[in-house]
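Working notes for the structure below.
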Protein chains: 2
Amino acid sequence: MALSDKQIRKMKAKRDKILDQAIILFSEHGYNDTTISKVAKASGVSFGSVFTYFENKEELFHHAVVERLKDLSPLLLDFNSNPEDPYKELESMIDKHIRLFANVGTYLRLVTQVIGQHQRFERQFKELDQFYRTFRYKIADLVAQGQSSGQLHREIDPITSSIAYTSFLMGIRLNLADQPEHDIWADFAPVAMQLFSPNIS
Amino acid sequence: MALSDKQIRKMKAKRDKILDQAIILFSEHGYNDTTISKVAKASGVSFGSVFTYFENKEELFHHAVVERLKDLSPLLLDFNSNPEDPYKELESMIDKHIRLFANVGTYLRLVTQVIGQHQRFERQFKELDQFYRTFRYKIADLVAQGQSSGQLHREIDPITSSIAYTSFLMGIRLNLADQPEHDIWADFAPVAMQLFSPNIS
DNA sequence: TGAAAATGATTGATCAATCAATCTTTAACA
DNA sequence: TGTTAAAGATTGATTGATCAATCATTTTCA
């Protein structure tokens, strides 16, 4: 007796709700202080139901980290690493990234936990690290373009610039822990640009 | 029957050992996965002894965060915010900070946890935040000096610069999680300088 | 000898995971 | 259309493990 489409949709919605609340709770209270019971209560589901959607707590955590990454990665990679005007493209990239980081504070707090305790969360860390490698290199490509065109100084290695920039984004996110307001975040876009040593300003 | 000096020294050493191991374990495995039993084993002390030196686990964590901060804060504030040559002073400050951050990775991982979960670790966060305010403003003072002297562009607000710089330091620390090697860290000093928009380069 | 530190077994609380019982949905058939 | 039975989702009480904290006993030291 297979499930109807309606039923499947209903269950998917339930799963999503559990995962959403898990992300919030894990990010605010950490792995151990987020009990299955709290996740169940927060998502309006019985204790036992959590286990019909996720094999165990570790698996729930894993999906919390990995599934949201899948949503975010195309947004983070949404820039052209071989554009006509690298400087303009960098500016537009920074603008997008800053907006994005300002809005995904909860998830990035979770990411911070995984990075900070990568021994403990080895499996999740590997997933994040793999994406980060792609991200880093794509930015470095764009920086290299900028340097070739003479719009950026050549003194700094593109990969170093790229690591500096991504570190800066994460650092700002940590720093402005509870300020999603765009006004504050927008102030940091010109500062981020400085990291790439522009020749013109 | 008062304790002898020798005895007091011995006990202080024991307390230090417990605290040192607690910092390592808390930073690598987080609060809940660091059991008192593990701390006791790691520091070569009986389970019960931990409680003669620290009232409870929460207190042990608090001291792990706060006491190390007391050691580090004078080192972080060891620069002149009203020097003859602000540019040179900034360079020297950055150099010191980079060296320091490269060497206190374990403790900074702990700091990251407290910041990332400031609701959960409210008391510890307040202590860190109070120091950070001082730190931030002292850097901003130096930047303001640099702007007045014309060595730095005026386009960016000194406090914004200061937040950007401290965010950058923490971000790099997160990023290079397990690389205390100075070579890699040293590459980031010139990038950090860029955050202050120097007029000469 | 007595005062204080050290020890680890015990206790009570908490939590992940299981599982038997119940409820809901679906499809076959009259 | 109404009835029924099977499939599968939902539930929360129970279980077993883990851990912080206590405390009675032992050890150390002046």
Side-chain angles (χ1 to χ4, degrees), chain A residues 1-26 28-65 113 117 120-121 123-124, chain B residues 1-26 28-65 113 117 120-121 123-124:
Chain A
M1 213 143 295
L3 297 167
S4 67
D5 281 3
K6 193 177 140 195
Q7 180 72 351
I8 288 174
R9 252 181 287 118
K10 199 177 144 192
M11 287 180 69
K12 195 159 269 175
K14 205 166 173 178
R15 205 195 97 112
D16 284 350
K17 188 131 199 202
I18 294 170
L19 202 61
D20 284 350
Q21 293 301 315
I23 290 174
I24 293 171
L25 291 169
F26 278 135
E28 281 179 3
H29 306 109
Y31 184 83
N32 281 280
D33 268 18
T34 299
T35 65
I36 297 291
S37 165
K38 284 181 191 168
V39 173
K41 212 161 275 172
S43 44
V45 150
S46 78
F47 177 84
S49 269
V50 176
F51 289 94
T52 83
Y53 291 94
F54 300 92
E55 207 181 337
N56 52 41
K57 191 180 174 182
E58 144 89 15
E59 211 55 27
L60 174 61
F61 184 77
H62 187 74
H63 280 92
V65 174
Q113 286 179 44
Q117 297 178 59
R120 190 181 174 200
F121 301 119
R123 202 158 62 102
Q124 291 75 31
Chain B
M1 210 145 296
L3 297 168
S4 67
D5 281 5
K6 194 178 136 194
Q7 182 71 351
I8 288 173
R9 253 180 287 119
K10 199 176 143 193
M11 286 180 69
K12 196 158 267 172
K14 203 166 172 179
R15 205 194 97 112
D16 284 349
K17 188 130 199 202
I18 295 170
L19 202 61
D20 285 349
Q21 294 301 316
I23 289 174
I24 293 171
L25 290 169
F26 278 135
E28 281 179 3
H29 306 109
Y31 185 84
N32 280 282
D33 268 18
T34 299
T35 66
I36 297 291
S37 165
K38 283 181 192 168
V39 173
K41 213 162 274 173
S43 45
V45 151
S46 78
F47 177 84
S49 268
V50 175
F51 290 93
T52 84
Y53 292 93
F54 300 93
E55 208 182 334
N56 52 41
K57 190 181 176 182
E58 144 89 18
E59 210 55 27
L60 174 60
F61 184 78
H62 188 74
H63 280 92
V65 174
Q113 285 179 45
Q117 298 179 57
R120 189 182 175 199
F121 301 120
R123 202 158 60 101
Q124 291 75 31

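Nothing here was measured: the structure is a model prediction, and the numbers come from that model.
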Stepwise, does the side-chain contact (heavy atoms from CB on, under 4.5 Å) test hold for Leu19(A) with Leu60(A)? CA-CA 7 Å; Leu19(A) 202 61; Leu60(A) 174 61; 4.0 Å; yes
Could you walk me through whether Arg120(B) and Asp33(A) pass the side-chain contact (heavy atoms from CB on, under 4.5 Å) check? CA-CA 9 Å; Arg120(B) 189 182 175 199; Asp33(A) 268 18; 3.1 Å; yes
Does the side-chain contact (heavy atoms from CB on, under 4.5 Å) test come out yes or no for Glu59(A) and Tyr53(A), once each step is laid out? CA-CA 10 Å; Glu59(A) 211 55 27; Tyr53(A) 291 94; over 6 Å; no
Under the criterion side-chain contact (heavy atoms from CB on, under 4.5 Å), I'd like the reasoning laid out for Gln117(A) against Gln124(A): C-alpha separation, chi angles, the key distance, then a yes or no. CA-CA 10 Å; Gln117(A) 297 178 59; Gln124(A) 291 75 31; over 6 Å; no
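When the P atom of dA6(C) is taken as reference, atom CZ of Arg15(B) falls 13 Å away, rounded to whole Å. Rounded to whole Å, the distance from CZ on Phe47(B) to C1' on dT18(D) is 11 Å. Residue Lys41(A) contributes atom NZ, which lies 13 Å from atom P of dT11(D) at whole-angstrom precision. Put simply, CD on Glu59(A) is 13 Å from P on dT18(C), counting in whole angstrom units. Across the protein-nucleic acid pair, Met11(B) atom CE and dA6(C) atom C1' stand 10 Å apart, rounded to whole Å. We find that CD1 of Ile8(B) is positioned 11 Å from P of dA30(D), with the value rounded to whole Å. Between the NZ atom of Lys57(B) and the C1' atom of dT14(C) there is a distance of 13 Å, given to the nearest Å. In this entry the distance linking CG of Asp33(A) with C1' of dC19(D) reads 13 Å, nearest Å.
Among the nucleotides dT10(D), dG8(C), dA16(C), the one closest to any side-chain atom of Thr52(A) is dT10(D). Distance from the side chain of Phe51(B) is smallest for dA20(D) among the nucleotides dA20(D), dT10(D), dA5(C). Here the side chain of Lys14(A) is nearest to one of dT11(D), dA20(D), dA16(C), namely dT11(D).
Looking at heavy-atom distances under 4.0 Å, Asn32(A) makes no contact with the nucleic acid at all. Contact annotation for Thr35(B): backbone-only contact, meaning every heavy-atom pair under 4.0 Å involves sugar-phosphate atoms and none involves a base. Backbone-only contact: Tyr53(B) has heavy atoms under 4.0 Å from sugar-phosphate atoms and none from a base.
The closest side-chain heavy-atom distance from Phe54(B) to His62(B) is not below 4.5 Å.
Two residues, Lys10(B) and Lys10(A), neighbour DNA chain D, and the one matched to the more 5' nucleotide by heavy-atom proximity is Lys10(A). With DNA chain D read from its 5' end, the first of the two nearest nucleotides for Val45(A) and Asn56(B) is the one closest to Val45(A).
One finds no side-chain N or O of Ser46(A) lying less than 4.0 angstrom from the OP1 or OP2 phosphate oxygen of dT10(D).
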